[in-house]
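Remember, predicted model here, so these are calculated numbers, not experimental data. Quick note: numbers below take in every heavy atom, side chains included, and nothing from hydrogens, waters or symmetry partners.
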Amino acid sequence: MNEIADYMEILGENIYKIAVYRKASKIIKELKQDIQDILKEDRLREIPGIGKALEAKIKEIIETGECAYHRDLKKQIPEDLLELLKIPGLGAKKIRVIYENLKVKNIDELKAAAEQKKIRDLRGMGAKTELNILKGIKMLEDNRAFTILGIALPIAESIIDILKRVEGVEEIEITGEIRRKREMVRQIELLALTENPHITKKVFKQMPGIKEVLEETPNRCSIFLDVGIKADLEITKERNEFISALYYSTGSDKHIAKMVSIAGTLGYRILKNETIDINDKKITVEKEQDVFNILNMPYIIPELREDCGEVEAALEGELPKVIDIADIKGDLHIHSNWSDGINTIEEIAQYARDLGYKYIAITDHSKSLAIAKGLTERELLKQIEEIKGLNSRIKGISVLSGIEVDILMDGTLDYPDNILKELDIVIASVHTGFKQDKFQMTNRIIKAMNNRYVNIIAHPTGRLLGKRQGYEVIVDEVLKEARENNIILEINASPDRLDLNDILARKAKEMGVKMAVNTDAHEVLRLEEMRYGVFVAKRAWLENKDIINTYPLNDLLNLLKIKKV
DNA sequence: GCCGTTTTCGGCCCGACTGTTTTCAGTCG
């Protein structure tokens, strides 16, 4: 459906028609019931957004696996042209002009055309457009080899689910970069302990979603998945071998190198995919902890194994007791159907309570973000009343009234102080003017931080992983200001953002800045993405005291009030 | 292409920014 919409866009279809297809694609993805069942019961038309035409096409796709309309569209333009939509600043209209005039069919040809300065002569385009296209292509190329953790991890987990049920599989683990929870990874790496390698590999090769089998050896199998990522399965037959391979393959290379050298000074050898030995006498390792025991150090969790001081800290007994997902007591950045979210506040509260949360904050968009149905002052005051009412009848969770208020171009906020002061929590964030220079942007954010009602700055750098660079901002200045003004910085847990990232979050901690891990969810299912933010926090060495939404409600409320006296 | 208690047509997704123009089209959140 989404692909149909992409084609239509380039072909210049009616924008509302396109929107209907995009919306339908989203609705189908989010269906709680299997679409085949809905079709069987002849209830497709009951889904809002699905009409007669879409019903017929969905039926056709389910029954025949394809759709004539889609085929027709595909005939009209080269398939690879859709890829061009990923280039920031390039939309359907420009792509069409480029295609019709230069016969450019894919990204490589576009790159060549831009390098030959052919783009600048086209209608509506100039040297700047050409440069932006080249920049965009470079960004895509840099990211081509990488997949975001938010895509790779769930796939890895679903493969594990399949393989652990295979006869003879005693243990199976995700390893490599995914195990360390890096924000972007090159491949999925799995390690199995099984007495039946043959059948394990066979199941692995026959899973759904495989594009091709790349390589197979007795102990190894590599596949390439439809979604564009490689998955490796390595097989061990003995526990000893499994544990040392798990440790070794988890990496990082630098971490391992440091550990190997320490092992050397103690007379041990850690060998890749083999066991640990001393003077060629093998040492049995039953669990990963044993590897660290041998070197007289406490267990280092995979998230810390980046050679960023963790080995030294472990030897000195100074490893941080990093935050765990179970420590999170609430989510402080959630959108409801009052703005662009899809659930009611009550649905969100109930879902959050089921997650074990003690509190949440509803933080819809403010009025200037019209596309997200930002709340007017009047609507916001009404929402505050509704939340009061909800709190009086719902048990087991507290709902805070909040807002994600836009930081306008000049650093002023989208609501006056007399509105902001009515709220329990105020998040401020940038959604416009991404191309301001770093001085303007830094001053703009700092100005917002100086508002006495602002508690949190959300997604502080504005990046979208693999899609958009953050805006230019002098992070050191923002961190300094945050410390001085008791401003909390967000670790946005959305796997597309992870903003602050691990490096900046660690820097913030070192400067004494507190943070909040929030999902920014627009639907209840995405409240589950909290774990990705916690991964960042772990990699940043953050402890509970650094993260305000691990605090009990009263402590949190006291902290939020600090600036308000 | 969907929707409708103002229902079979006409509205729906608005407004700011960018880079191109020289008054505005295209893109994006």
Check: Charged N to carboxylate O below 4.0 Å: is that the case for A:Asp476 and A:Lys480?
Finding: no

Notebook entry, point to check: A:Thr129 near the nucleic acid: base, sugar-phosphate alone, or nothing, with a heavy-atom cut-off under 4.0 Å?
Noted result: sugar-phosphate

Check: On a whole-Å scale, what distance lies between the C1' atoms belonging to B:dC28 and B:dC13?
Finding: 12 Å

Note to self: What's A:Ala92 touching, base or sugar-phosphate or nothing? Going by heavy atoms closer than 4.0 Å.
What the structure shows: sugar-phosphate

Next item on the list: Mind listing the residues from residues 456-470 of chain A sitting with a heavy atom below 4.0 Å of DNA chain B? Number order is fine.
Entry: A:Arg468

Check: Do other residues, nucleotides or ligands put more than 12 heavy atoms under 6.0 Å from A:Ile503 CD1?
Finding: no

Next item on the list: Determine the interatomic distance between P on B:dG15 and the same-named atom on B:dC9; round to the nearest Å.
Entry: 29 Å

Item checked: P atoms of B:dT5 and B:dG1, separation to the nearest Å -> 23 Å

Check: Quick one: on DNA chain B, does A:Tyr16 or A:Gly91 contact a more 5' nucleotide (nearest heavy atom)?
Finding: A:Tyr16

Notebook entry, point to check: With both distances under 3.5 Å as the test, what is the Watson-Crick or G-U wobble partner of B:dT8?
Noted result: none

Next item on the list: Name the nucleic acid region contacted by A:Ile18, choosing base, sugar-phosphate or nothing; use a 4.0 angstrom heavy-atom cut-off, strictly under.
Entry: nothing

Next item on the list: Considering only NZ, NE, NH1 and NH2 on the basic side and carboxylate oxygens on the acidic side, decide whether A:Asp417 and A:Arg452 come within less than 4.0 Å.
Entry: no

Margin query: Under 4.0 Å between a side-chain nitrogen and a carboxylate oxygen: does that hold for A:Glu9 and A:Arg22?
Written below: yes

Note to self: Walk me through whether A:Lys118 and A:Glu109 qualify under salt bridge (charged side-chain N to carboxylate O under 4.0 Å, His left out).
What the structure shows: CA-CA 11 Å; A:Lys118 286 182 182 166; A:Glu109 291 179 16; over 6 Å; no

Next item on the list: May I ask you to decide if the ring planes of A:Tyr7 and A:His70 are parallel, tilted or perpendicular, using 30° and 60° as cut-offs?
Entry: perpendicular

Notebook entry, point to check: A:His459 vs A:His431 aromatic rings, parallel, tilted or perpendicular, using cut-offs 30° and 60°?
Noted result: perpendicular

Next item on the list: Write down the distance separating the C1' atoms in B:dG10 and B:dA16, rounded off to the nearest Å.
Entry: 27 Å

Next item on the list: Would you classify A:Ala5 as touching base, sugar-phosphate or nothing, given that sugar-phosphate means primed atoms plus P, OP1 and OP2, and contacts are heavy atoms under 4.0 Å?
Entry: nothing

Check: Mind checking the P distance from B:dT21 to B:dG26? Whole angstroms is fine.
Finding: 13 Å

Next item on the list: Taking the side chain as every heavy atom from C-beta outward, state whether A:Gln350 and A:Val524 have any atom pair closer than 4.5 Å.
Entry: no

Notebook entry, point to check: Of A:Ile371 and A:Lys435, whose nearest nucleotide on DNA chain B comes first from the 5' end?
Noted result: A:Lys435

Check: Do A:Glu183 and A:Arg463 meet the salt-bridge criterion of a basic N to acidic O distance under 4.0 Å?
Finding: yes

Item checked: Distance between P atoms of B:dT6 and B:dC2 (Å, rounded) -> 23 Å

Check: How is A:Lys23 classified with respect to the nucleic acid when contacts are heavy atoms under 4.0 Å: base, sugar-phosphate, or nothing?
Finding: nothing

Notebook entry, point to check: Salt bridge or not for A:Lys117 and A:Glu130, using N-O below 4.0 Å?
Noted result: no

Notebook entry, point to check: Across the strands shown, which category fits A:Leu369 at heavy-atom distances under 4.0 angstrom: base, sugar-phosphate, nothing?
Noted result: nothing

Check: When you list every nucleotide of DNA chain B with an atom under 4.0 Å from a heavy atom of chain A, which one comes first 5' to 3', and which comes last?
Finding: B:dG1 to B:dG29

Next item on the list: Rounded to whole angstrom, note down the C1' distance from B:dT23 over to B:dC17.
Entry: 16 Å

